[in-house]
Each structure stands twice: as C-alpha cells, then as structure tokens.
Amino acid sequence: MLTAPHRLRDSESFRVAVRRGRRSGSRTLVVHLFTPGVEDAGDSSSPVRVGFVVSKAVGNAATRNRVKRRLRHLAREHVSSLPGSAVLVVRALPDSAAATYAELGADLDRCLGRVLVA
RNA sequence: UGGGCUGGCCGGGCGACCGCGUCGUCUCCUCACGGAGGCGCCGAGGAAGGUCCGGGCUCCACAGGGCGAGGUGGUGGGUAACACCCACCCGAGGUGACUCGCGGGACAGUGCCACAGAAAACAGACCGCCUCCCGGCUCGCCGGGCGGUAAGGGUGAAACGGUGGUGCAAGAGACCACCAGCGACCCGGGCGACCGGGUCGGCUCGGCAAACCCCACCUGGAGCAAGGUCAAGAAGCCCGGAGUCCUCGGACACCGGGCGCGCGCGCGUCUGAGGGCUGCCCGCCCGAGUGCGCGGGUAGACCGCUGGAGGCUGUCGGCAACGGCAGCCGUAGAUGGAUGGUCGCCCCCGGGACGCCCGCAAGGGCCCCCGGGACAGAACCCGGCCUACAGGCCAGCCCGUCCG
RNA sequence: GCCCCGGUACUCCAACGGCAGAGAGAGUGGUCUCAAACACCAUCCAGUGUGGGUUCGAAUCCCACCCGGGGCA
C-alpha cells in the first residue's frame, strides 16, 4: 500500500503523465511514466507519485476497488526504484478484473522494466 | 419417513507475515505551519445497490382564496411519516397449511367496444314462427301484403336473466314455482369494511375509469456540491462552441455562459425601483436598493460529519404490527476516496484415485490429491419498497405413508 | 445528489388500443450491358429490450427490472 505523499491526486498530473509520459502496455494494464527533465523539475525533492485509472469497463464498484488495491500494493514495491519526482499512472484494462495477483504483478514488472530502460 | 407452506437468522472461522485510514498517546525533526516513526482502540452490508416512496436536518419562502398539476384508493389500527407494516372484510386459487389482488364510483356527464353478426347498448328485428287478407294451386301447399311476436338460428370476448310449467294463433316475467342478480325497508351481530335473517318492489338494468372524468384524502421549493466560517484575490480564471498557426504537442485571438469585486448608465427610496407567494390568477406581503452594460478575480482549507424515530435483554399492554417501563452497550467517517495482499490449518460443496475398514451385495466411512465458496463497497442520516445472492441454521404448521 | 429521454428488420426510422406491423437504404435474384454502375421488377429480413398486469384484444395503457444516451448543481 502507498502512503499519502506518494498518491497522485490532481487531474492535471494525470493528464501530463498520460500524454507526455513513456508508455508500455500489456494484456491487463497500461503504464505511463513521466520523468520531468531538469528544466521542468522546479524542486527535485518532490516524491515519486503514483496514480491509478480503473474505468467502469473493468467491472462494478467492488471489482474496481479490488483491482485498484492490488495495483496499489504492487506499485509500492517499485517506488524506491523510480527516479525522483517521477509521475506514474497505471491504467487498468478490462482483463485485469479476472487476473490473479501474480499475473498483475508480472505485467507491472514487465511494463515498468520496458519504460525504465530508456 | 416423503412432499409442501410460512416466519426468523447467518453471510465462512482461527492464526502468521507485510500494509492502509480515523482517533488517542509517546518520541524525533522543524522558528513555525507541518512532517516522520512507535504503541493502543476502532474500521462496510443484508442488501452499503437501484434511487421507487416517506421523514429528519439545512437554506429560501410562507395573510388568504380560486383554477390547475401530481399522488393515494376495501375497513380498522401501527408509525415521525409513507405508496410501508399488522389484523380483519370481500373476490380468486389450492385437498390443506396458505397464497394472490392499482380492491372507491359505469342511474354526474363525455367517449370507446375493431372483425364477425340482423342487431353492440336502446332497444330494435335479418332468417324464422303465427292470426288475418289477396292471388295461385298438383289443394299435405306456394307467392305477396297489413300486422303480432322474440321460443329457435348463427356470429362474437360480450346478445337484454336460467330451468320447469301455465298460457297463447304463435309467443313473451304475460303469469306461477325455485334459483341468480338489483333496489328499498326492517331485525340481529360488528368501531368499521361487511356478515346472517326477513318482508316488499319493478320483475332485470353489458363491459372499459392502468379512457377523459367524478368522489374522498394528501402535497411549498430545493437539496450536505444544502448551508456556514476562514484564507487567497483589484488580477484575467473556468466551462461550452467554432477558427487560425504549427515543430502535431500545443500556442493565439473570437463568440456565449458562470461567480466575488470595481466602474458607468437607467429606474427608484413610502406618490414604491425591484422581488416573493417556485405552475397561473386575484389578492397580499417584503422592500432600499435594483436592472443593464463594460472590465474581468477565486474555485483552497475547515465546520456540517456522525449519539440516532440507536441496539440488546427483561417485563407489562395488545391477536399482531407496535407501544410503555427498567437495566445494559457505545458501534466506520474516507475525499483520486482507507477497511487490503500473500500464506497455513479448519469448515462446506464438487470431482478423482492407491490403500484400509464395515457389508453377501448395492453402497457407506477413513486417508490423499485437485478445483470451488455467492451477490456485492459506506460518502449527511434514518424508516420502507424493489432488485441481486454460493451455501447453511432454527422454529411453527399442512398433506401423505409406515409403525405403535 | 437530483432529473429527463430512448429501446421496433442488418441500418435509419413509421405505426388512432383492432388483420400483429409502413417506408427508405443495405442484402439476394432477375431485366438492361461485352462487363459494370444507374434505372426498373421481384424477393428476403421483425414478433416490437425482459417479465408481469389491465383489456375481448397491448408495439401502444400501467408496474417492476435490464440496456443505451443526455442534462443540472
């Protein structure tokens, strides 16, 4: 689980991450990672922030909550490996509703690996 | 023992590790705001759901009357209130326990009843039946006419009471008996809906109001993004539309709208601007500001925010719903939205199979492996309704079978 | 949180409570053409989102549910 400072909670940051960040997808989810450059980062001390997008196509409220909780728990493992002041948005696809915790973890690892190579 | 009816209840349990949120407390960092960490308590539901009703709460409004609109619809209770619940009545279904019913009014009026049929609502008469008259005749009849009838025909969802008899030219509630139905009155029972009995009457009168409508009763508007406090802010913000440029990500200017404030103009301050009575009118009330245009700021934090028509137990009243009294309990408050993740054991269900046990057998039990365990996530709070739901527990009752 | 529309053939859409359903496009088969397009003719495709009720009779009226779209704060 993520503590409060690591939560992404304003829609502008979501838009920036989704539009300008590096993207990688899998069957169950899509990852957007935005790492601000030197000129963009006003204060380099801001923490890594993570947000989630789980649309109604995934399922009803209980299902969406479960997916979101699993993703939050998984994303916690990656916070320390991300560069400072990075913004990560994880978008859940409809197949994520039926995926197990291990499958979601594998997909998140693979996508984050691809995004972080560059 | 098999099948069924009704009511109530549960919604996996225990443990380990890693985590999240509110509150409390301690420690540390910071000038401060605040932040980090440790410990402790608590942390989704029976439907939290759909948003179909009813309330609480908040703001606005509120002399009264009329028209309109919407809702409810057997009776009597319960309740803060209801379209909910309970009991009863009536009707329908079931052998029964029991279930189901938008269950007022069709002599206040208007409207509709397709097709078929002679005729579809007020009686009328197509084929028939019959007296009489005229004509014909093969004289048992045939044709025509003035009339009388409504038993029979067949259509339809529905055809103007049913059966039997008297009666008649033929017939008919024309008359009689019984039955069904309608109305009036009387007696008895019930708070009442209504029920039981009797007398009399005309002797009979279709359905649809989830068609307009009539009757009785009820209904002010909005909603916690209500509403309030503080901060920021004399500066160009947000939303929608369409356009130009372009490095296709954005930038720029235009039009319309939104809110605090500033400026200008108009109309006004008791001879009344404007507003309200949230559908309209009369009428009434409030009232010192208000309408328009131009410029164009902020959209953050906190309160509201959880103790309430609260729950449990006992007792009393009541057929019951429910109510009175006493005692005990203290129970989520997030805001990109906490209550989770991964395992182990147990429980339940399904499948498989080595072995073991019981049994003549069908089969049953133990152990092992695999898979599964629903519907679904609080967002101001309650009372209901409706809808979804794996599996399970308890109680009462009905019908059948067997044994005594 | 509050509220409003809509659901009929493959598609777009009509249908006073009355034969259960019109039209256009698309499709199919013909005519025309060397072949096609166009045009013309014929034909096929629905049981009206689901369930229940009122009625003699329901796409239509009423109730509940499902799905889709939209608006306001």
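Keep in mind that this is a model prediction, so the values were computed, not measured. The figures here come from the full heavy-atom set of this structure, side chains too, leaving out hydrogens, waters and symmetry mates. To find a chain, count down the sequence lines: A is the first, B the second, and so on, and within it residues start at 1.
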Taking atom types as modelled and ignoring hydrogens, do the side chains of A:D107 and A:T28 form a donor-acceptor contact shorter than 3.5 angstrom?
yes
For B:A376, the Watson-Crick or wobble partner whose two distances fall under 3.5 Å:
none
Syn/anti label of B:G46 as read from its glycosidic torsion, with the cut at 90° from 0
syn
Determine yes or no for a side-chain-to-main-chain donor-acceptor pair under 3.5 angstrom, with A:R70 supplying the side chain and A:A102 the backbone.
no
Student check: side-chain heavy atoms of A:L104 and A:L108 closer than 4.5 Å:
no
If anything within 90° of 0 is syn and all else is anti, what is B:G173?
syn
Answer for the Watson-Crick or wobble partner of B:G250, both distances under 3.5 Å, is B:C245
Pairing partner of B:A118 (Watson-Crick or G-U wobble, both distances under 3.5 Å)
none
Interatomic distance where CZ belongs to A:R72 and C1' belongs to B:A334 [whole Å]:
11 Å
Who pairs with B:G291 - Watson-Crick or G-U, where each distance is under 3.5 Å:
B:C265
Given the C1' atoms of C:C61 and C:G17, what is the spacing between them in whole Å?
8 Å
Taking B:G260 as the reference, what is the distance to B:U229 when you measure between their P atoms (whole Å, please)?
15 Å
Same-atom distance (C1') from C:G68 to C:C45, integer angstrom:
24 Å
Can you tell me the distance, in whole Å, between the CG atom of A:L104 and the P atom of B:G340?
17 Å
Check the distance between B:U339's P and A:H73's NE2 and give it to me in whole angstrom.
11 Å
B:G327 pairs with, by Watson-Crick or G-U criteria that keep both distances under 3.5 Å
B:C312
Given the P atoms of B:G400 and B:C186, what is the spacing between them in whole Å?
49 Å
So, is B:A44 syn or anti if syn means the angle is within 90° of 0?
syn
Quick check for you: among B:G341, B:U339, B:A376, whose closest atom lies nearest to any side-chain atom of A:Y101?
B:G341
To the side chain of A:K68, which of B:A44, B:G337, B:C18 is closest?
B:G337
Output the distance between atom CZ (A:R72) and atom CG (A:N65), rounded to the nearest 0.5 Å.
8.0 Å
Grab the CG-P distance between A:N65 and B:G341 for me, whole Å please.
11 Å
A:R23 and A:V31, any side-chain heavy atoms less than 4.5 Å apart
no
What nucleotide among B:A376, B:G337, B:U342 has an atom nearest to a side-chain atom of A:R70?
B:U342
Between A:R91 (CZ) and B:G336 (C1'), how many Å, whole number?
16 Å
Take atom P in B:C52 and the same atom in B:A222, then report the distance between them in whole Å.
14 Å
Syn-anti status, with the boundary at 90° from 0, for the nucleotide B:U306:
syn
Pick one for B:G140: is it syn, with its angle within 90° of 0, or anti?
syn
Identified pairing partner of B:C393, criterion: Watson-Crick or G-U wobble below 3.5 Å
B:G8
How far, in whole Å, is B:C168 from B:G111 if one measures between their C1' atoms?
44 Å
Who is the Watson-Crick or G-U wobble partner of B:A16, with both distances under 3.5 Å?
B:U342
What distance, rounded to whole Å, do you find between the two C1' atoms, one in B:A299 and one in C:A73?
15 Å
Give me the distance, rounded to whole Å, that separates B:A48 from C:G71 when you measure between the C1' atoms they each carry.
28 Å
Between A:R69 (CZ) and B:G377 (P), how many Å, whole number?
12 Å
Would you check if A:Y101 and A:L74 make a side-chain contact, meaning some heavy-atom pair closer than 4.5 Å?
yes
First encountered from the 5' end of RNA chain B, between A:A62 and A:A102:
A:A102
Can you tell if the side chain of A:L29 reaches within under 4.5 Å of the side chain of A:C111, non-hydrogen atoms only?
yes
Which nucleotide, in any strand shown, forms a Watson-Crick or G-U wobble pair with B:C100, with both distances under 3.5 Å?
B:G91
To the nearest Å, how far apart are A:L71 CG and B:G19 P?
19 Å
Quick one: A:L74 CG to B:C18 C1', roughly how many Å, whole number?
13 Å
